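In listed order, ligands and their atoms are each counted from 1. We count residues from 1, following the sequence as given. None of the values given here were measured: they were computed from a predicted structure.
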Amino acid sequence: MHNAAAAALNLDIVYLPLPVAPNQLEAAIHGLPALGFHGVNVTVPHKQAVIPYLHHTEPAAHAIGAVNTIKIESPISGRPTTVPRHTPPVLSGFNTDHSGFLADLQQQVIAVNGRDCVVLGAGGAARAVAYALARAGGRVRFYARRLVQARQLAADLQRHLPHAELEAAAWDELQETVTLPAPLIVNTTPVGMHPDEDVSPWPEHLAFPSNSHVYDLIYSPQETRLMQQAIAAGCGASNGLGMLLQQGALAFEIWTGIRPPLEAMANVLFGPVRR
Ligand code: NAP
């Protein structure tokens, strides 16, 4: 999708996948300015580990504790011969998962302010999602199979967002959500992701709270078992493609200063017709 945006804008840049072993992360990051990179995305398992190698981390990425986008300001980025080389490069870390998630909720007109938000899972994506929901005025409750981890996550975020409503509960307490009025339920676990498409994090026997909207961060398959359950129960359902698109567009803008054409990027992700 980044290459499609660059082509649509006639920019001479290219986006490449570069697998990096955990024990090579520091060397890889330090080599980026010399190679002329304007920026990179960082994904699992490097989103937290990369932070010590950056000069700046924006407040949201700091609160979430994870960086997925790095901007590199360097005298040699793209212009190796015309700029003095003695100025040291500056690497800044951002998190566009939380803002991309929020942008997609806005795009789909899914309300958050004052709403109960049930977050399934307490890993890296849950941190970004919960930060976005809490900042937007949602009441967030994590459900995780490791209650200690979920409580720690709620407490970490609470320190950065003292006025937010954040709670944690054990997975086997999910049935208590049935009384919530029209909650937003967000799956941040990988349960149901290709190739294990037949499983769902939502127990088959458990009713959905009425008028729920289920947002599954998974985008492969495009309709997960969880989404099928929600639709069969008369609830709304979204997959993670919109978040993927929006976090990518925000990263592109951080690197280039140009808001990319969403349609060109979406055509690559969704095909010419979206959802
Ligand atoms: P992660 O850090 O590994 O966290 C996964 C969470 O799911 C953990 O809390 C884990 O619990 C829980 N979990 C895993 N298997 C489970 C199970 N069988 N039952 C209950 N809980 C389970 O992974 P992540 O980086 O947050 O990513 C999670 C998902 O979000 C992935 O599918 C990823 O592709 C997706 N994602 C999508 C986007 C997007 O743009 N749409 C962006 C980011 C992530 P334990 O700690 O107990 O294992």
> Between Arg127 and Asp156, is a salt bridge (charged side-chain N to carboxylate O under 4.0 Å, His left out) present by the stated rule, with each step listed?
Replying inline: CA-CA 9 Å; Arg127 296 181 81 95; Asp156 282 353; 3.3 Å; yes

> Does Leu18 share a hydrophobic cluster with Phe252, counting links as ILVMFWY side-chain heavy atoms below 4.5 Å and allowing steps through other members?
Replying inline: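 No, Leu18 and Phe252 fall in different hydrophobic clusters.
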
>> Applying a strict under-4.5 Å side-chain criterion to I, L, V, M, F, W and Y, I'd like to know whether Leu25 and Ile72 cluster together.
In response: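 Shared cluster, yes.
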
>> Nearest 0.5 Å, please: how far is CD in Gln246 from OG in Ser99?
In response: 9.5 Å

Indicate whether any N or O donor in one side chain lies under 3.5 Å from an N or O acceptor in the other, for [X] and [Y].
X      : Y      : answer
Thr256 : His38  : no
Asp104 : Gln108 : yes
Tyr15  : Asn41  : yes

Considering non-hydrogen atoms of the protein only, which is the closest contact for [atom], and what is the distance?
atom                    : value
atom 6 (C) of ligand 1  : Gly123 N, 3.9 Å
atom 20 (C) of ligand 1 : Arg145 CD, 3.7 Å
atom 34 (O) of ligand 1 : Met193 SD, 3.9 Å
atom 5 (C) of ligand 1  : Pro190 CD, 3.9 Å
atom 25 (O) of ligand 1 : Val44 CG2, 3.7 Å
atom 43 (C) of ligand 1 : Ala125 CB, 4.0 Å
atom 46 (O) of ligand 1 : Arg146 NH2, 2.7 Å
atom 28 (C) of ligand 1 : Thr188 O, 3.0 Å

> Are any of the heavy atoms in Ala122 under 4.0 Å away from ligand 1?
Replying inline: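 Yes; Ala122 lies near enough to ligand 1 that a heavy-atom distance drops under 4.0 Å.
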
> Any protein heavy atom lying closer than 4.0 Å to atom 23 (O) of ligand 1?
Replying inline: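 For atom 23 (O) of ligand 1 the answer is no, since every protein heavy atom stays at 4.0 Å or beyond.
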
>> Below 4.0 angstrom, counting only protein heavy atoms, does anything approach atom 3 (O) of ligand 1?
In response: no

> Does Phe101 have its ring centroid less than 6.0 Å away from the ring centroid of Tyr215?
Replying inline: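 Yes, close enough.
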
Using a strict 4.0 Å cut-off to heavy atoms of [X], name the atoms of ligand 1 that fall inside it.
X      : value
Tyr219 : 39 (C), 41 (N)
Gln149 : 9 (O), 46 (O)
Leu244 : 40 (O)
Gly240 : 39 (C), 41 (N)
Val191 : 15 (N), 16 (C), 17 (C), 18 (N), 19 (N)

> Considering only heavy atoms, which of Val129, Val148, Thr189 lies nearest to atom 13 (N) of ligand 1?
Replying inline: Thr189

> Can you find an N/O atom of Leu217 closer than 3.5 Å to an N/O atom of ligand 1?
Replying inline: yes

> Would Glu58 and Lys71 pass as an ion pair if we require N to O under 4.0 Å?
Replying inline: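 No.
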
>> Who clusters with Val148? Use side-chain heavy atoms, under 4.5 angstrom, across I, L, V, M, F, W and Y, and order the result by chain and number.
In response: none

Distance-only criterion, 3.5 Å: show the donor-acceptor pairs between side-chain atoms of residues 166-186 and protein atoms not counting sequence neighbours.
| residue | atom | partner | partner atom | Å |
| --- | --- | --- | --- | --- |
| Glu167 | OE1 | Arg141 | NE | 3.4 |
| Glu173 | OE2 | Ala170 | N | 3.0 |
| Glu176 | OE2 | Arg141 | NH1 | 3.0 |
| Glu176 | OE2 | Tyr143 | OH | 2.7 |
| Thr177 | OG1 | Leu174 | O | 2.7 |
| Thr179 | OG1 | Glu176 | O | 3.3 |

